[in-house]
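Chain letters run A, B, ... following the sequence lines, proteins first, then strands; residues in each count from 1. No experiment lies behind these values; they were computed from the predicted model shown.
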Amino acid sequence: MIGMSRQFMLSSILFVFVLLVLVPLAVNMSGRQDLFYTLTSVALLAIASGGVWLTFYIGRINIGQGAFSLLGGYVSAILMVHYGVSFWLALPIAGIACSIVSVLIGLPILRLRGVYFAMTSLVLTQVMQLLALALPITNGAKGMVSIPLPGALTLFGVTLIPDFATIGNLKQAFYFLAVVLMIACYAGLYRLTRSRLGAICVSLQQNEELSASIGINIAAMRVLAYAVSSFLGGIGGAIFVAISQSIYPSSFTVTDSVNFMLNCFLGGLGYVFGPMLGTLVLYFGWDLLYRTADYQLLIFSSILIALMLVLPNGLLSLRLKALAKGGHYG
Amino acid sequence: MEQALANGVYLGAQYALIALGLTLVFALMNVLNFAHGQMFVLGGFVTYTVYGQLKLPYWIALVASALTLAIVGALFEKFLFRTVLKRSSRDESTMLLAAGTAFFLDAVILLIFGEKQRGVPKIVNGILDLDVVIMPYDRLLIGALAIVMIVAFILFMQFSKPGRAMRALAQDRTAAQLMGVEVERYSMIGFALGAMLAGLAGGLLVAITGVNSGIGGPISIKAFMMVMIGGAGVISGAILGGFILGMVEALLLSVLHSYGDITYLVIFASLMVFLSIRPQGLVGKPWG
């Protein structure tokens, strides 16, 4: 791979090893199976946040990822419940459906910039939620429940993934599913930032007119980036549906869209792995503060504000160079 | 239909007042104040406390709301936004800060005032009945007050020295600074003024619909929409956007109510279509 130092290789292998071997071991030893569920949520939210990060990468503030998570969730839920499609097929279809919708929506709205795009994407979340409430196929506010667990995945008669209903440790199974997808997602994003495409994305972020003037089809590029971003949002939403076995119009709201964006900010917009760290810190930070009950939101928001004052460019601006320096912003 | 129009004008005046504060802060500092709705709610609760609980006259309550929010706004600008704007390498960082302050205000409001819906006694009794239009007197009074405040704000921005300084800042920060405008001072005044407008709007609306701690977020989103319709950072745009949204909401609610709860779906969807055709809003500068 291009520009991949030995040090980076080592640390990423170590990272994958920790996620796939050490963390499950530690959780199993501690006997707190609920931690699997928490970590799975973090992984899923990190996937969706990774998508938001990509839109930041082309210079758009995206507060609309909740819309695509909701859409992906509903697409996979409807496919599984009404059409009996297997989860393993419904998952990519949900992602692709989100990409297609995002291309249609993105063509007009990606012409907007700055707060204009940000606000439009925020409105998009609202539209999607209201659509889920209004359309007959989504079952309105009652939502869709008792969605089947992922079945077995077989290829040429070989069972690659066993039926989730027969797995003893369901929480751990979902953990592996989400973490593997998260690793794939961030590996892809990292590769993207190191490719020619990534350089083009940065040029869009810095000066669209200039990159258009040297012959880059900026309209196509930003729609492409947005489609990938929405694909990730849809995937995140679809797995969420498989885990909770239900989806409601309120499953992903404006708050979630804002949180996806905050994850990116918190981790640092200049770093590919920023959203992953941001999601982890934000999610666990919120959970840890649960004990403070009434003061949870107060303490949480104060810390958020303080972090902004001390580290306005994100947590990773603390210069964890080896692991984190993925992007190349100035 | 006439009734819907009358409701629209009343609603529009409230909305315009909310949107004005948001657009002012945006024009001056390029900050999208996520906490605007929460400031509105805080203003509502201050009025509720002073007028509803302490039984002081309504105008004192309004002044208290305005002062409280002006102070909050000034402090936010001086200690938070100014610092982050200086240190951050990207403008968008202020969005995280603004979201943080929104959460913070939400938490403070929840802790101090609780989560119950609060209302105040009617400020005036009686109903104006014109056959085609029926309007309670208190709504008329509140609507009129809102319009008076909007006019006062426009006059202030047009003719006073701070108003001129702030308009200069909004046009070109560097040029304004070169002309001897104290940028930091007027940024703070502008932020305080924007917050104050939100507080006043909250104080006005609590007299009609009451207030509860959960409405901050939705109010912010509505305010964003109004600003988008008119064009961000333009005063006339905010007023236009406010009245248009108020009008559309009132009309659609009366026309569409037989089709179920799709009013807001229609509004949001048409806003997206509108923005993709005219991104800068009705009167905004392109890429303002």
CE/B/Met272 to CD/A/Gln126 distance, rounded to the nearest 0.5 angstrom?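 Here the interatomic distance stands at 11.5 Å.
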So CG of A/Leu112 and OG of B/Ser276: to nearest 0.5 Å the spacing works out to 7.0 Å
Go through the steps to decide whether B/Phe76 and A/Ile305 satisfy the test side chain to side chain contact (heavy atoms under 4.5 Å, CB included), and finish with yes or no. CA-CA 11 Å; B/Phe76 273 12; A/Ile305 293 173; over 6 Å; no
Under 4.5 Å from any heavy atom of chain B, what part of [X] do you find: side chain, backbone, both or neither?
X	answer
A/Leu124	both
A/Ile105	side chain
A/Leu309	both
A/Leu304	side chain
A/Leu298	both

Can you tell me if [atom1] on [X] sees more than 12 non-hydrogen neighbours from other groups inside 6.0 Å?
X	atom1	value
A/Phe284	CZ	yes
B/Gln171	CD	no
A/Tyr248	OH	yes

Side-chain heavy-atom pair [X], [Y] within 4.5 angstrom cut-off:
X	Y	answer
B/Thr83	A/Met308	no
A/Thr120	B/Phe274	no
A/Leu262	B/Phe103	yes
A/Tyr116	B/Met228	yes
B/Leu265	A/Val127	yes

Passing option when A/Met119 is tested against B/Ile221, B/Leu32, B/Val227, B/Leu275 for side-chain contact (heavy atoms from CB on, under 4.5 Å):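 Answer after filtering B/Ile221, B/Leu32, B/Val227, B/Leu275: B/Leu32.
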Tell me the closest heavy-atom pair linking A/Ser301 and B/Gly100, and the distance in Å. CB-O, 3.6 Å
Let me know if [X] has heavy atoms under 4.5 Å from chain A in its side chain, its backbone, both or neither.
X	value
B/Phe79	backbone
B/Leu97	both
B/Ile277	backbone

What option among A/Ile109, A/Val258, A/Leu131, A/Leu110 has the most heavy-atom pairs under 4.5 Å with chain B? A/Leu131
